[in-house]
Amino acid sequence: MILYDSNKPDELDRAEQFGAEILKLCVEVGGVLTGEHGVGVEKRDLMSVMFSEIDLAAQQRVKCAFDAKGLLNPGKVFPVLHRCAELGRIHISGGKLPFPDIPRF
Amino acid sequence: MTDILKPRDAKEVEDAVRWALADDKALEVAGQGTKRSLGRPSQTDLTLDLSGLSGVTLYEPEELVLSAKAGTPLAEIETLLDANSQQLAFEPMDYGPLLGGSAGQGTLGGAIATNLSGPRRIKAGAARDHFLGVTAVSGRAETFKSGGRVVKNVTGYDMCKLLAGSWGTLAAMTDITVKVLPKAETEATVIVEGLDDARACAAMAAAMGSSCDVSGAAHLPDHVASYFDGLPKPEAATALRVEGFPPSVKHRKEALAALMKSFGPVALLDEKESRALWRSVRQVKPFAGDAARARPLWRISTAPSKGNAIAAAITPAAQMFYDWAGGLLWVAMPFADEPDAGSIRAAVKSIGGHATLVRAPAAVRAAVDVFEPQQAALRALSKRVKEGFDPKGVLNPGRMWAGV
């Protein structure tokens, strides 16, 4: 548990950053991001600490098989939203998305 | 099928799949090939032989975790675990003798890909429940990983659950991490003698509902009992196994024997007899002999309370026995090359469950469904999942269902 004083302007951010550091260390020593509550939104942006773009694309293709239109909880779990059609075509090399500054939906 | 690709490491697996993808080739994904004749006959150009990927890469007994390359022989893993008084708790059953090979063969990858689980499944869960992490190459020739080496893990989608039981149709696994558990110090089996199927299913339900922590419950009817090892006499036997520390096993087997007296005469098997019996259950011994091998064999899973109803709907000329407290039926059909799929499927459809045609000649397996036919929505979902992993059908195409 990380205690902080929310009345002080930067403490929430620092507490969250500290939490992220703990999780990164967990992954580094063979652990995982979450053991009970899932990724959701709070740990979403840390998914790339544990998984490569290829790993995440494989998971998202499973999502596409169940939810082709992205109707169910869009924005949760996966740090970058992809269109399902795009996951079939896009070529990712060296773990880098082509044109990463183009907004993806 | 003559050509074999035998990669030496995970990178070469990816290279092989990339080559197949570029050249429009379909690959049969295999370890030692012990379950090659199970499933729809494959329409493949080459075999991707993963038996070269062998060896335990991490084993921490105190952490209850083991990682190995996918082609590692199961026997090697079981020997290593045994030396540390541990085991694969899902007790992978042994298809070797059943499919015309020898006992004790197969790889870890094969066990996981087929979700191979034995009599202890009713207590410890299936192979998939012990499968913690994986690295695999998809039909897109991309190496991906999922899971980890800890039990408590809900990070992202659990692809392990999807790959277990996918029969190599989604990805070629290269590295596998499983949970390992302490081995029971001893075991014993309580036999209730002479029960008919309905009464036996009731006895097994009572045993499973008791506090005796039963780890195996099988009913071996009169007509097949003589094939099993360890039984005191070749007559109908309802077998209930207890495992654990010696004082606990002693107490529970006595409590169970007392409970079972109301169903029929009770006999007790000691550790050695009990091990022999459950080994022969694990090998489906009545139907593994040369004489039985020409006869099609079905494996039907259902709710334990429904096992007897399904058995009653099948021709009395078939031979069968029950595992999983009545939830698993092994059914050997009476005539060579005649699986009688229509009546088996109809029985399963009306009562509930899944039937797999475990053994039949290739021509028969090409003509009738081997795995339980899927409803339209499930069929479409399976196809979309397949397309996500393997859009060009490079890996074991059609092994489970046409088009998947």
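Below, chain A is the first sequence line, B the second, and so on; all start at residue 1. In this text the structure is predicted, and so the values were computed from the model without any measurement.
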message = Does A/Glu42 have more than 12 heavy atoms from other residues, nucleotides or ligands lying within 6.0 Å of its CD?
response = no
Minimum heavy-atom distance between A/Val32 and B/Lys152, given as atom pair plus value = CG2-O, 3.6 Å
request  = Look at A/Ala58, A/Gly31, A/Gly30, A/Gly35 and state which one has the largest set of heavy-atom pairs under 4.5 Å with chain B.
outcome  = A/Gly35
inquiry  = Which one wins on heavy-atom pair count under 4.5 Å against chain B: A/Gln60, A/Lys63, A/Met47, A/Arg44?
reply    = A/Lys63
query = Tell me, side chain or backbone of A/Glu36 under 4.5 Å from chain B's heavy atoms, or both, or neither?
reply = both
inquiry  = Report which part of A/Met50 has an atom under 4.5 Å of a heavy atom belonging to chain B: side chain, backbone, both, or neither.
reply    = both
ask   = Got a second to check how far A/Arg61's CZ is from B/Arg140's CZ, nearest 0.5 Å?
value = 3.5 Å
task = Decide if atom CD of B/Glu12 counts as having more than 12 heavy atoms of other residues, nucleotides or ligands within a radius under 6.0 Å.
result = yes
B/Val150, part contacting chain A, at a heavy-atom distance under 4.5 Å = side chain
request  = Mind ranking B/Phe389, B/Tyr157, B/Phe144 by heavy-atom pairs under 4.5 Å with chain A and telling me who comes out on top?
outcome  = B/Tyr157
key: From CD (B/Glu387) to SG (A/Cys64), nearest 0.5 Å   = 12.0 Å
request  = Return yes if some donor-acceptor pair links the side-chain N/O of A/Thr34 with the main-chain N/O of B/Thr155 below 3.5 Å, else return no.
outcome  = no
ask   = So which part of A/Phe66 gets closer than 4.5 Å to some heavy atom of chain B, the side chain, the backbone, both or neither?
value = both
task = Tell me, yes or no, whether the heavy-atom count around B/Lys11 atom NZ, taken from other residues, nucleotides or ligands under 6.0 Å, exceeds 12.
result = yes
inquiry  = Heavy-atom cut-off 4.5 Å, strictly under: side chain, backbone, both or neither for B/Thr143 against chain A?
reply    = backbone
